[in-house]
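FYI, side chains are in, hydrogens and waters are out, and symmetry mates aren't considered; it's all heavy atoms of this structure. Quick note: residue numbers are just sequence positions, from 1.
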Amino acid sequence: QVQLVESGGGLVQAGGSLRLSCAASGRTFGSDAVGWFRQAPGKEREFVAAISWSAVFRKYADSVKGRFTISVVNANNTVWLQMNSLKPEDTAVYYCAARARGITTMPDYDYWGQGTQVTVSS
């Protein structure tokens with residue numbers, strides 16, 4: 001089992017920045033990649049970004065390219081999501097997820113965190 005705990009969400013004005021963290025514990029050697037997804041009220045969960053633990057592979061949703069950066073710190077099993085130039089449409093609950101088989105943009109991940117709320121005011 002892999003446990004994931006997100007933190008760093010909050011309220012920010014449009015154009016501002018937030019940095020989310022995902023701390024992984026447990027059998028982390030059983031996961032190959034970590035992704036961030038988000039879900040806004042009344043909408044389906046959507047892919048945001050993903051990274052392999054080796055940091056060799058990364059993917060971003062088109063809607064966040066150039067504004068969000070995903071990174072990994074293997075020493076403490078933490079994945080960061082730096083979010084800049086935030087827009088009201090970025091408002092959602094952000095979830096961290098881990099999977100054993102390499103990154104994907106689909107929500108086909110084995111482990112999920114509880115989520116952290118990000119609210120961007122206009």
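Here the shortest heavy-atom pairing between I103 and A33 reads CG2-CB, 3.2 Å. Between T104 and A50, the shortest heavy-atom contact is O-CB, 4.4 Å. Between N76 and V73 the shortest heavy-atom distance is OD1-O, 3.1 Å. A24 approaches L4 most closely through the heavy-atom pair CB-CD2, 3.7 Å. Nearest heavy-atom pair, A49 versus L81, reported as atom, atom and distance to 0.1 Å: CB-CD1, 4.2 Å. Of all non-hydrogen atoms in A92 and A40, the two that sit nearest each other are CB-N, 3.8 Å.
In this structure, I70 is a member of the same hydrophobic cluster as L86, with clusters built from ILVMFWY side-chain heavy atoms closer than 4.5 Å. No single ILVMFWY cluster, assembled from side-chain heavy atoms under 4.5 Å apart, contains both Y111 and F47. Two different hydrophobic clusters hold Y109 and V2 under the rule that ILVMFWY side chains link at heavy-atom gaps under 4.5 Å.
Sorted by first and then second residue, the salt bridge (Lys or Arg N to Asp or Glu O under 4.0 Å) pairs with a member in residues 49-61 form an empty list; sequence neighbours excluded. Applying the salt bridge (Lys or Arg N to Asp or Glu O under 4.0 Å) test to pairs two or more places apart or on separate chains, those with a residue in residues 39-55 are R38-E46. Pairs engaging residues 4-19 under the side-chain hydrogen bond (donor to acceptor under 3.5 Å, both in side chains) rule: S7-S21, S17-N84 [sequence neighbours left out]. Sorted by first and then second residue, the ring pair (Phe, Tyr, Trp, His ring centres under 6.0 Å) pairs involving residues 62-99 (not counting sequence neighbours) form an empty list.
Of the possible donor and acceptor atoms, none in the side chain of N77 sits under 3.5 Å from a partner among the backbone N and O of A23.
Taking CD1 of I51 as the start and CG of D32 as the end, the distance is 11.5 Å to the nearest 0.5 Å.
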Let me see the working for W112 and F37 under ring pair (Phe, Tyr, Trp, His ring centres under 6.0 Å), right down to the final yes or no.
-> CA-CA 10 Å; W112 291 84; F37 289 76; 5.2 Å; yes
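Taking the side chain as every heavy atom from C-beta outward, L20 and M83 approach each other to under 4.5 Å. In this structure, the side chains of C96 and V34 come closer than 4.5 Å at one or more pairs of heavy atoms. Counting only heavy atoms from C-beta outward, the side chains of T78 and V72 never approach each other to under 4.5 Å.
Partners of D108 according to the salt bridge (charged side-chain N to carboxylate O under 4.0 Å, His left out) rule, which considers only residues two or more places apart in sequence or in another chain, are R99, R101. With sequence neighbours excluded, no residue satisfies ring pair (Phe, Tyr, Trp, His ring centres under 6.0 Å) with Y60.
With respect to the salt-bridge test (charged N to carboxylate O, under 4.0 angstrom), the residues D90 and K87 do not qualify.
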